[in-house]
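What follows is a single structure, written as structure tokens, with notes after it.
Here the structure is a predicted model, which is why all the values come from computation and not from measurement.
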Amino acid sequence: MQRVEEIEVRPFSSREEYELMLDYFYKADDPFLRGMGVDRLKLPERDKWLDALLVDHEKPDKERDRFYLVWLFRGRRVGHSSINEIVPGTEASIHLHLWSSQLRRAGLGTEFVRRSANFYFERFNLKKLVCEPWAENRAPNRVLEKLGFAFVRRYRTTPGVIAYEQDVNRYELRRPNQTTKPTAPWRNRFSVFATTPCRGLSPSR
């Protein structure tokens, strides 16, 4: 298992990081996009999407449409998380993507998600995070459950402007009153969420 000391999560800080995030979508093959619930035909024109992202990046937190975190492993950018539908002081919807195919089965996703959620709770003073991955995408659902996201319901919807109609699992994670001791190797040094039933991770929109 990889060492947590080699993992870092921080806000996007450059145009290049937004371009890397867009590469993840535009350079993916159709089966991979479909596995995330994404319809390639709904992807906007790349330059227009990038321009909108950069404009949003300059806004104060309370006015942001979406906020992005880059995931780093051994100093290399390997994925990202974002939140949208942000209501500061209340809730937001979280999305998570590991860009590196070599790391998708390396056991790192859970720690990246844990750190991202902790960041969002603190930065935006949130009481709750919501995640709605495609119901058939087993990997994100498992990660969310490990982290204590509570399963709310399964329903059919079109969960985003670049998504197709699909069944999603709605999960919610409420901000714990205090941190609890982790289990498993990493947990002697890092905080974790209370183990309420939970919802799955989202390689999502």
Side-chain angles (χ1 to χ4, degrees), residues 4 7-25 36 38 43-44 46-73 75 77-99 108-133 140 143-144 147-150 152 159-163 168 170-179 190-194 196 198-205:
V4 287
I7 288 176
E8 181 185 355
V9 170
R10 62 162 174 76
F12 274 27
S13 61
S14 68
R15 179 190 182 99
E16 181 187 12
E17 286 169 353
Y18 285 101
E19 290 177 332
L20 287 171
M21 183 272 293
L22 293 181
D23 284 345
Y24 168 76
F25 289 102
M36 291 195 294
V38 172
L43 292 175
R46 183 188 171 108
D47 288 346
K48 289 184 178 179
W49 192 358
L50 178 60
D51 288 345
L53 290 168
L54 295 176
V55 168
D56 192 58
H57 178 84
E58 297 301 323
K59 295 179 180 179
D61 284 357
K62 64 181 180 180
E63 298 177 13
R64 294 284 296 268
D65 176 65
R66 189 178 291 251
F67 190 95
Y68 288 86
L69 296 177
V70 63
W71 293 351
L72 298 100
F73 179 63
R77 291 169 292 201
V78 298
H80 80 278
S81 168
S82 68
I83 54 171
N84 66 339
E85 300 177 344
I86 305 165
V87 182
T90 304
E91 67 180 52
S93 293
I94 185 171
H95 311 277
L96 310 115
H97 304 269
L98 195 54
W99 303 339
L108 299 176
T110 302
E111 185 63 18
F112 277 127
V113 177
R114 183 194 329 279
R115 295 194 186 194
S116 298
N118 277 332
F119 180 96
Y120 296 133
F121 277 131
E122 292 295 328
R123 176 84 173 234
F124 292 89
N125 191 30
L126 302 176
K127 296 181 176 65
K128 180 175 70 176
L129 283 170
V130 174
C131 193
E132 294 189 334
V143 169
L144 293 177
L147 289 174
F149 279 77
V152 176
V161 295
I162 64 173
V168 301
R170 180 182 177 89
Y171 294 88
E172 297 179 357
L173 181 68
R174 296 190 178 277
R175 184 174 186 168
N177 293 327
Q178 58 184 19
T179 56
F190 297 91
S191 66
V192 295
F193 305 117
T196 52
C198 96
R199 102 169 180 139
L201 163 67
S202 161
S204 62
R205 297 61 67 185

Where do [X] and [Y] come nearest, in terms of heavy atoms and distance?
X    : Y    : result
I86  : D65  : CD1-O, 4.2 Å
I162 : P44  : CG2-CD, 3.9 Å
V70  : P11  : CG1-O, 4.3 Å
Y18  : L50  : CB-CD1, 3.8 Å
V9   : S116 : CG1-OG, 3.9 Å

Q | Residue from W99, W71, Y68, Y24 passing side-chain hydrogen bond (donor to acceptor under 3.5 Å, both in side chains) with H80 | A |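 So the option named by the test is W99.
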Salt-bridge criterion met for [X] and [Y] (N-O under 4.0 Å):
X    : Y    : value
E122 : R175 : yes
D51  : R46  : no
D56  : R66  : no
E16  : R77  : yes
E91  : R174 : no
E172 : R170 : yes

Find the distance between [atom1] ([X]) and [atom2] ([Y]) and round it off to the nearest 0.5 Å.
X    : Y    : atom1 : atom2 : value
S81  : Y120 : OG    : OH    : 3.0 Å
L173 : I94  : CG    : CD1   : 8.5 Å
W49  : L54  : CH2   : CG    : 12.5 Å
L96  : F112 : CG    : CZ    : 11.0 Å
K128 : F121 : NZ    : CZ    : 10.5 Å

(Q) Ring centres under 6.0 Å, that's the criterion: do F67 and F12 meet it? (A)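 So the answer is no for these two rings.
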Q) Can you tell if the side chain of L72 reaches within under 4.5 Å of the side chain of I7, non-hydrogen atoms only? A)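 No, side chains not in contact.
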Q | Close side-chain approach of E85 and V130, heavy atoms under 4.5 Å | A |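 The answer is no; the side chains never approach within 4.5 Å.
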(Q) Please check this pair: side chain of R64 against backbone of E58, looking for a donor-acceptor N/O pair closer than 3.5 Å. (A)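 Absent.
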Q: Check for a donor-acceptor pair, side chain of E17 on one end and backbone N or O of S13 on the other, with a separation under 3.5 Å.
A: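 Yes, the answer is positive, given that a donor and an acceptor are paired below the 3.5 Å cut-off.
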